Number of protein chains: 2
Amino acid sequence: MKEATLKQIAETLGISITTVSKALKNYPDVSDKTRKAVHDLAHQLQYTPNSFAVNLRTKESKTIGVIIPELVHHFFSSVIDGIVAEAEKNGYLVIIQQSSESVVMEKSQVELLLNKRVDGIVMSLSNESNDDEHLKELLRRGVPFVQFDKISKLLNSSKVIIDDQKAALEATAHLISKGCTKIAHIRGPVNPQNAIDRFLGYKKGLEKHDIPFDPSLVYTCSRVSFEEGKEFAAQIIKDHPDVDGIFCITDLVAVGVLAYFNENNIKVPQQIKVIGFSNWFMSQVITPSLSTVEQPSYDMGVAAFNLLLEEMNARKENRSMEPKTVRLETQIIERESTRA
Amino acid sequence: MKEATLKQIAETLGISITTVSKALKNYPDVSDKTRKAVHDLAHQLQYTPNSFAVNLRTKESKTIGVIIPELVHHFFSSVIDGIVAEAEKNGYLVIIQQSSESVVMEKSQVELLLNKRVDGIVMSLSNESNDDEHLKELLRRGVPFVQFDKISKLLNSSKVIIDDQKAALEATAHLISKGCTKIAHIRGPVNPQNAIDRFLGYKKGLEKHDIPFDPSLVYTCSRVSFEEGKEFAAQIIKDHPDVDGIFCITDLVAVGVLAYFNENNIKVPQQIKVIGFSNWFMSQVITPSLSTVEQPSYDMGVAAFNLLLEEMNARKENRSMEPKTVRLETQIIERESTRA
DNA sequence: GGTATTTTCGAAAACGTTTTCGGTGCGAAA
DNA sequence: TTTCGCACCGAAAACGTTTTCGAAAATACC
């Protein structure tokens, strides 16, 4: 009871392998009669083409690779959700790899995927990434490649991103519109591009509404954790008791801030308003519920795959393609933590 | 600038393809001199075997498939984390598929993975699954296959599970040990095995401590959502104002319960204690923090892969293997919501 | 009936590897 | 000198498909 092959079908039907292959792919140069006979038998034998052979012959694997820092992260798992769904629609399979925020890993993953001859790669950089030799190598080899979220600006590849600066500006403006006049910012680590951009957006937001920028109101995360949120909340209250708004790099940190305020009986939003970033699920569930910036993670996955598909098609037809950048819209979500 | 092949190496070295292949795999019947020459040149040309050809020849893909109901779920993404990590150690790649809780999807995913000739499949059933024809087909074909979490008991495959009954019993006993005497249970849907088992554990827990079981204290979820938690919390207070403990099918529901109590000024844990299941991240972050049952999700992934590996090896050597069941330990995590 | 055209088919090469089996050449044993 | 064993190498088949190109058969046209 082995897998059916073209050869088997050909032999039992007394025709050549060539004809069977053509019949199955509905080539014009095969008569309706034989085409039907082949289809029927193939169906009966549950014939499915051996993908190894197809791959070897066509040099396509119909498989793409995805490398992300951490799978267990609402944002990333929902991006992958989008990628997998869109890939499936187009007959592609998705191989997942985790860099665990390490560049060394990242490199070996890329190697592995190339050995597997995936048709393309989509990837979000690890925090550690500064060396991008392995990525340049991808471009040099002409491997279809798109970056999303944590990207390297210098790399001339297709990208899917949000406008972090604009989103941060809007978040800051939102706090101001709710009456805040002294706003602190808990920012992300120094290296990643999106931490930088969100900080700049915060600064611009203040300036736009004629609030002077005060560097002492900016606190820098290293681990971007719940605990850091709590620590910085305490610090902020100690340093600047009159702060009435906080913009946090991400919801996780904001939730830490809220936890500290809850424990110390500081009223949110009455005394101080808080806004996060990314719209994690828990933000709508916590008390008070957390205002935040919605990042269209699923759509980012969809967009990333489609961009990759364009590149893969271009490569198949030996066209070169100018890398594109897709920038998706974000949206302020108002909840209790910033009610006026 | 194409990929290097055995043929190229053979030609530039003036030897046969066979010898090159053997040299690279360190066969004994090739002299040290040629072996070294081949290795050097291969390294220099960055030779990597074409996996399509290898697969075709060896009939192995060194790739496994994973089918889960939802990727965007802390439990599942961390199981996958475990699978991917363990697979990588053993040189396997992982293809992820989502059934989105639909049996039809589930079937087509299985098809797809079989067409791709994955070496094995690990899978958690969708809630909808009652028809397991497609799974039996897997066993019939001898495809290495392991189930985890939501399993079909009737199917004679390897499995990785927790002891839901025991865990639920312990959770109930925990509430009792904290002084609860009237304990409600918000249970999962009627079909899935783990919902049934947790309900039975709850019942046994009561009986063990001589608390009579009262069916009117059991509430049945359909969507297992945050909102349902809130609704049932209200209902419970209305039906039984003297309830002093609630055991919830999962943390998400428990968090809904806590939210309702927070909004209505019902003190947890003073007036009523709450325990969840699964130890989602948000449980430690919410106020009051939620006691729960830790499910070793990452380890389940590791165990699932290792079981699969055993089956794959058995198949390679044409041994048949008796399916095994791995049962992992759970652990009560005490937090504020059940403090005495 | 002969020629031109269309329809239908198949031989064969190619993709890159792995492995079996046999063949050299050479030194040692008889 | 012959024979045997050993170390080293290579020819060739096989995995299952796709596609090119030419051939044969059937049909059309004059």
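Treat the numbers as computed from the prediction; the structure is a model and nothing was measured. Every chain is numbered from 1 and lettered A, B, ... according to where its sequence line falls, protein lines coming before strand lines.
- For the pair A/T19 and C/dG10, the criterion of a side-chain N or O lying under 4.0 Å from OP1 or OP2 is met.
- Per the geometry, CG belonging to A/L6 stands 17 Å off P belonging to D/dA14, to the nearest Å.
- Nearest-nucleotide positions on DNA chain C for B/T18 and B/F52 put B/F52 closer to the 5' end.
- For A/N50, whose side chain is taken as the heavy atoms from C-beta onward, the closest listed nucleotide among C/dC21, C/dG10, D/dT17 is D/dT17.
- The distance between atom NZ of A/K36 and atom C1' of C/dT8, rounded to the nearest whole Å, is 19 Å.
- Put simply, A/Y27 has a side-chain N or O that comes within less than 4.0 Å of OP1 or OP2 on D/dT19.
- Side chain of B/V30, nearest nucleotide from C/dG16, D/dC9, D/dT17: D/dC9.
- Looking at the side chain of B/K59, the nearest of the listed nucleotides C/dT17, C/dT19, D/dG16 is D/dG16.
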* Go through the steps for A/T34 and A/S31 under the test side chain to side chain donor-acceptor pair (under 3.5 Å), then give the verdict. => CA-CA 6 Å; A/T34 52; A/S31 68; 3.0 Å; yes
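- The separation between A/K33 atom NZ and C/dC9 atom C1' is 12 Å, rounded to whole Å.
- Phosphate contact (OP1/OP2 of C/dT19, side-chain N/O of B/S21, threshold under 4.0 Å): absent.
- For A/K62 and A/S51, the side-chain atoms include no donor-acceptor pair closer than 3.5 Å.
- Between B/T34 and the phosphate of D/dC9, there is a side-chain N or O to OP1/OP2 separation shorter than 4.0 Å.
- Summarising the geometry, the separation between NZ on A/K25 and P on D/dG16 is reported as 18 Å, rounded to the nearest angstrom.
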* Asked: For B/S158 and B/Q147, what are the C-alpha separation, side-chain angles and deciding distance, and is it a side chain to side chain donor-acceptor pair (under 3.5 Å)?
  -> CA-CA 6 Å; B/S158 285; B/Q147 302 187 77; over 6 Å; no
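- Picking from D/dG16, C/dT17, D/dC9 the nucleotide with the shortest atom distance to the side chain of A/L56 gives D/dG16.
- Residues B/S16 and B/T19 have side chains that bring a donor and an acceptor to within less than 3.5 angstrom of each other.
- With hydrogens and angles left out, the side chain of B/S31 and the base of D/dA7 share no donor-acceptor pair within 3.5 Å.
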* Decide yes or no on side chain to side chain contact (heavy atoms under 4.5 Å, CB included) for A/L93 and B/Q97, but give the supporting numbers first. => CA-CA 8 Å; A/L93 252 30; B/Q97 297 272 269; 4.0 Å; yes
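- Rounded to whole angstrom, the span from the CD atom of A/E60 across to the P atom of D/dG16 amounts to 21 Å.
- From B/Y47, atom OH reaches atom CD1 of B/I9 across 6.5 Å, with rounding to the nearest 0.5 Å.
- Within 4.0 Å of B/T5, counting heavy atoms only, lie sugar-phosphate atoms of the nucleic acid but no base atom.
- No donor-acceptor contact under 3.5 Å links the side chain of B/S16 to the base of D/dA11.
- In this structure, B/D32 places its CG atom 12 Å from P of D/dA7, rounding to the nearest Å.
- Judged by distance alone with a 3.5 Å cut-off, a donor-acceptor contact links the side chain of B/D29 to the base of D/dC9.
- Spacing between atom NZ of A/K7 and atom C1' of C/dA11 amounts to 15 Å, rounded to whole angstrom units.
- Residue order along DNA chain D, read from the 5' end via each residue's closest nucleotide, puts B/I15 first among B/A53 and B/I15.
- Between A/I17 atom CD1 and D/dC15 atom P the separation is 10 Å, expressed in whole Å.
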